[in-house]
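Quick notes on the structure that follows.
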Amino acid sequence: MKRATCLAAALLALAGCAPPPALTDTDDRLQVVTTTGILADLVRNVGGDRVLVDAIVPDNADAHAYEPTLRDVRNIVYADLAFSNYLMLEAQSVIKTLDANLPDGVEQISLAEGATKYAAEIIPLVEDVSLDTIWLGMRARGDGAAHRVTRSSDVRVSATGVTGPGRMTAYLTESFGNPDTFLDSGDGFDPANGFRDDTMILPPDAHTHMSWAFTEPGVYRVTMRAELAVTAGSKPVPLGEQTLTFAVGVDPHLAPGVTVLRGGHTDVTTDIDSGEIYLREDQDAGEKRHDPARTVIEVPAKALKEVPAGPGFRFLGRPGTKIYQLPQAVLGRHVHGEIDPHLWQDVGNAQAYTELIRDTLIAADPAGTADYRASTDRYLAELSALDAYVQEQIDRIPPPHRHLVTTHDAFAYLAKAYGIPVAGFVTPNPAVEPSLADRRRLTETLRNLHVRAVFLEPNLRARSSTLVEVAEQEDVRVCDIYGDAFDDRVTDYAALMRFNADSLRTCLS
């Protein structure tokens, strides 16, 4: 397993006093890097003393938004094997850092995708489109096979021009409320290069959610250009240009025969395979494509909001200033695909991960076959007992009380596997005050279903939340539940699932 690489030596020289990597070229054990702590724990249970494992994303961090450090790179260059969850769970920066720095010949396994061969069950990612206005996101569509696209390739969508009576801004609100601006028509325009830094980067076949803000009523037109970067430093492949039209607080029927989009979920879509930009609308019967040249996106008068207090949102105007806004709706800088990536909330899927890890470790270290098989058999038995325990605890909740309400849509597998329906998940945008309609829907849910408790992930509890406020108003308990990160209290996968089962039973019974 020992390896000395020029890249590793160079990184060590540059690092100076940075913390040393966990992985090393002076240890005879199999050196394994994973993206998250949950995956690292599974690998340790299978690998035992034959492996040295470290995770890129630390405990308490958000895998959807984590930015790798120099220490992470130094770990990766020593790895003999790498495991990610993928299905776009991890931030693209994590995946690109992993793929770019693994030594030649080192295998990288995407567990969520590979585990289907071991009977893992995957389910679609369900999104709540019950909004008062259109939910407008950004999407990169297609696999780009003709261009030899990989998961580390980039689709870059840039704003090259904006016209309108006021300032227009498009931005993402990250998990802890920090805004990240994609487009700001007030930050200066260069005729040769468009707006300063106004480029959204997406991995292939992914989409994300955004807020769109306008300072004045009227008609705005935004020109966007897209290109594909197959590899770092490669010549970009042009993917088209289109102009979007927004009717802000005015009649959207700007010309005869135009299509007006005013509700549901629509994405500004860059098609890698066809080289087009169009509007893709989700409908009950499937999807519908709209030509931006014949479509108007309505931002109605009811979308008028106040800029909140705090320095983070001064780019929108002074606190209390009225702006028109299409809300992001899903909190967090969360780029994802069509499949829910949180498979481990069903212990049966964690068992499938475990079997794939076993076979991967055997292939990398055949001398350890007997040890890996024995450890796996022991751990699978432990997981079977854990699966039964989770089911037993949830079965002890009276059926009328089995309603799961959370802030993060990460528990669909838990709900389906153990029979505790998701009654609602609330992902408020902290950039605006929750609407009366938002509060009314949540209040009615809690009242009509006689919900006894709502659930928050510990690392989100500190921030203000509509869910917490309404729960306190309705005298409903707020309890903990763990999604995709450990902390000082929960330090392994079995403890995470056991804690969740106990919390659900205690708070809902």
Side-chain angles (χ1 to χ4, degrees), residues 32 34-61 63 83-85 89 109 111-112 115 118-121 340-361 371-397 404 406 408 410-420 455-459 479-508:
V32 181
T34 69
T35 51
T36 70
I38 289 176
L39 303 186
D41 181 59
L42 298 181
V43 173
R44 289 189 189 102
N45 276 281
V46 175
D49 293 337
R50 297 189 67 91
V51 302
L52 178 61
V53 189
D54 199 35
I56 296 173
V57 181
D59 292 348
N60 272 321
F83 292 98
S84 62
N85 186 84
L89 172 85
I109 302 297
L111 286 167
Y118 297 80
E121 182 179 4
D340 189 332
H342 306 87
L343 276 73
W344 59 87
Q345 290 290 339
D346 176 350
V347 177
N349 284 341
Q351 290 180 304
Y353 277 29
T354 299
E355 293 187 77
L356 176 53
I357 290 168
R358 173 201 62 205
D359 292 347
T360 306
L361 294 181
D371 291 338
Y372 296 139
R373 290 193 182 280
S375 296
T376 299
D377 289 345
R378 173 198 55 76
Y379 191 50
L380 288 175
E382 180 182 333
L383 291 179
S384 292
L386 176 65
D387 187 51
Y389 180 85
V390 175
Q391 188 66 70
E392 178 186 354
Q393 299 312 302
I394 291 177
D395 284 347
R396 292 173 63 184
I397 303 170
L404 179 57
T406 72
H408 183 193
F411 299 96
Y413 290 96
L414 177 74
K416 184 174 182 180
Y418 304 105
I420 180 165
F455 295 85
L456 277 173
E457 292 170 73
N459 61 347
C479 297
D480 286 340
I481 193 169
Y482 284 82
D484 41 36
F486 298 147
D487 61 11
D488 293 340
R489 178 172 53 176
V490 169
T491 59
D492 63 71
Y493 171 70
L496 180 151
M497 292 301 296
R498 197 173 292 112
F499 181 98
N500 286 354
D502 291 341
S503 184
L504 290 165
R505 177 185 59 78
T506 299
C507 294
L508 294 179

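The basis for the numbers below is simple: all heavy atoms, side chains too, and nothing from hydrogens, waters or symmetry mates.
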Margin query: Go through it in stages, so that I can follow the logic: the residues are Gln393 and Leu504, the test is side chain to side chain contact (heavy atoms under 4.5 Å, CB included), and I'd like the CA-CA distance, side-chain angles, deciding distance and then a yes or no.
Written below: CA-CA 8 Å; Gln393 299 312 302; Leu504 290 165; over 6 Å; no
All heavy atoms of Ala63 vs all of Thr36, minimum pair found to be CB-CG2, 4.2 Å
Residues at least two apart in sequence or cross-chain that pass side chain to side chain contact (heavy atoms under 4.5 Å, CB included) with Ala374, listed by chain then number, are none
Discussion item. I want to check something: taking the side chain as every heavy atom from C-beta on, are Ile357 and Phe83 in contact at a cut-off of under 4.5 Å?
Written reply: yes
Hey, does Asn500 have a side-chain heavy atom less than 4.5 Å from the side chain of Gln345?
yes
When rounded to the nearest 0.5 Å, the distance separating CG of Asp387 from CD of Gln391 is 7.0 Å
**Request:** Would you confirm whether Tyr493, through its side chain, and Trp344, through its main-chain N or O, come within 3.5 Å as a donor-acceptor pair?
**Result:** yes
Residue set satisfying salt bridge (charged side-chain N to carboxylate O under 4.0 Å, His left out) with Arg373, at least two apart, ordered chain then number -> none
Exactly one candidate in Asp488, Asp484, Val490 meets side-chain contact (heavy atoms from CB on, under 4.5 Å) with Phe486; the answer is Val490
- So, Arg44 and Asp492, do they make that salt bridge, N to O below 4.0 Å? no
Open item on the list: When you compare the side chain of Asp346 with that of Lys416, does any pair of heavy atoms fall below 4.5 Å?
Closed with: no
Glu355 meets the side-chain hydrogen bond (donor to acceptor under 3.5 Å, both in side chains) criterion, sequence neighbours left out, with none
In this structure, CG of Leu380 is separated from OG of Ser375 (nearest 0.5 Å) by 10.5 Å
> Side chain of Asp487, backbone of Pro458: donor and acceptor closer than 3.5 Å?
Replying inline: no
Tyr353/Leu39 under side chain to side chain contact (heavy atoms under 4.5 Å, CB included): CA gap, chis, key distance, verdict | CA-CA 9 Å; Tyr353 277 29; Leu39 303 186; 3.8 Å; yes
To the nearest 0.5 Å, atom OG1 of Thr360 lies from atom CG of Leu356 at 4.0 Å
With sequence neighbours left out, the residues meeting salt bridge (charged side-chain N to carboxylate O under 4.0 Å, His left out) with Arg378 are Glu382
Taken in chain and number order and not counting sequence neighbours, the residues that satisfy side chain to side chain contact (heavy atoms under 4.5 Å, CB included) with Ala120 are Ala115, Leu343, Asn349, Ala352
Side-chain contact test, heavy atoms from C-beta onward, threshold under 4.5 Å: evaluate it for Leu89 versus Thr35 and give yes or no. no
Salt bridge (charged side-chain N to carboxylate O under 4.0 Å, His left out) filter on Asp359, not counting sequence neighbours, yields none
Residues passing the ring pair (Phe, Tyr, Trp, His ring centres under 6.0 Å) test with Tyr482, sequence neighbours excluded, are Phe499
(request) Might you work through the salt bridge (charged side-chain N to carboxylate O under 4.0 Å, His left out) test for Asp480 and Arg489, ending with a clear yes or no? (result) CA-CA 11 Å; Asp480 286 340; Arg489 178 172 53 176; 2.6 Å; yes
Residue set satisfying side-chain hydrogen bond (donor to acceptor under 3.5 Å, both in side chains) with Asp59, at least two apart, ordered chain then number -> none
Minimal heavy-atom distance between Ser503 and Phe455, with the atoms involved, is OG-CE2, 3.7 Å
d(Asp41 CG, Leu496 CG) to nearest 0.5 Å is 9.5 Å
Would Asp54 and Val32 count as a side chain to side chain contact (heavy atoms under 4.5 Å, CB included) if you check the C-alpha gap in whole Å, the side-chain angles of each, and the deciding distance to 0.1 Å?
CA-CA 7 Å; Asp54 199 35; Val32 181; over 6 Å; no
Sorted by chain and residue number, the side-chain hydrogen bond (donor to acceptor under 3.5 Å, both in side chains) partners of Asp502 (sequence neighbours excluded) come out as Tyr389
Taken to the nearest 0.5 Å, the spacing of Arg505 CZ from Ile397 CD1 works out to 8.5 Å
### Task
Would you sort out whether Tyr418 and Asp395 count as a side-chain hydrogen bond (donor to acceptor under 3.5 Å, both in side chains), showing the intermediate values?
CA-CA 8 Å; Tyr418 304 105; Asp395 284 347; over 6 Å; no
Go through it in stages, so that I can follow the logic: the residues are Val46 and Thr354, the test is side chain to side chain contact (heavy atoms under 4.5 Å, CB included), and I'd like the CA-CA distance, side-chain angles, deciding distance and then a yes or no.
CA-CA 7 Å; Val46 175; Thr354 299; 3.5 Å; yes
For Glu392, the salt bridge (charged side-chain N to carboxylate O under 4.0 Å, His left out) test, sequence neighbours excluded, returns none
To the nearest 0.5 Å, atom CD1 of Ile420 lies from atom CZ of Phe411 at 11.0 Å
Residues passing the side chain to side chain contact (heavy atoms under 4.5 Å, CB included) test with Ala55, sequence neighbours excluded, are Thr34, Ala40
Across all chains, not counting sequence neighbours, the side-chain hydrogen bond (donor to acceptor under 3.5 Å, both in side chains) partners of Gln351 are Ser384
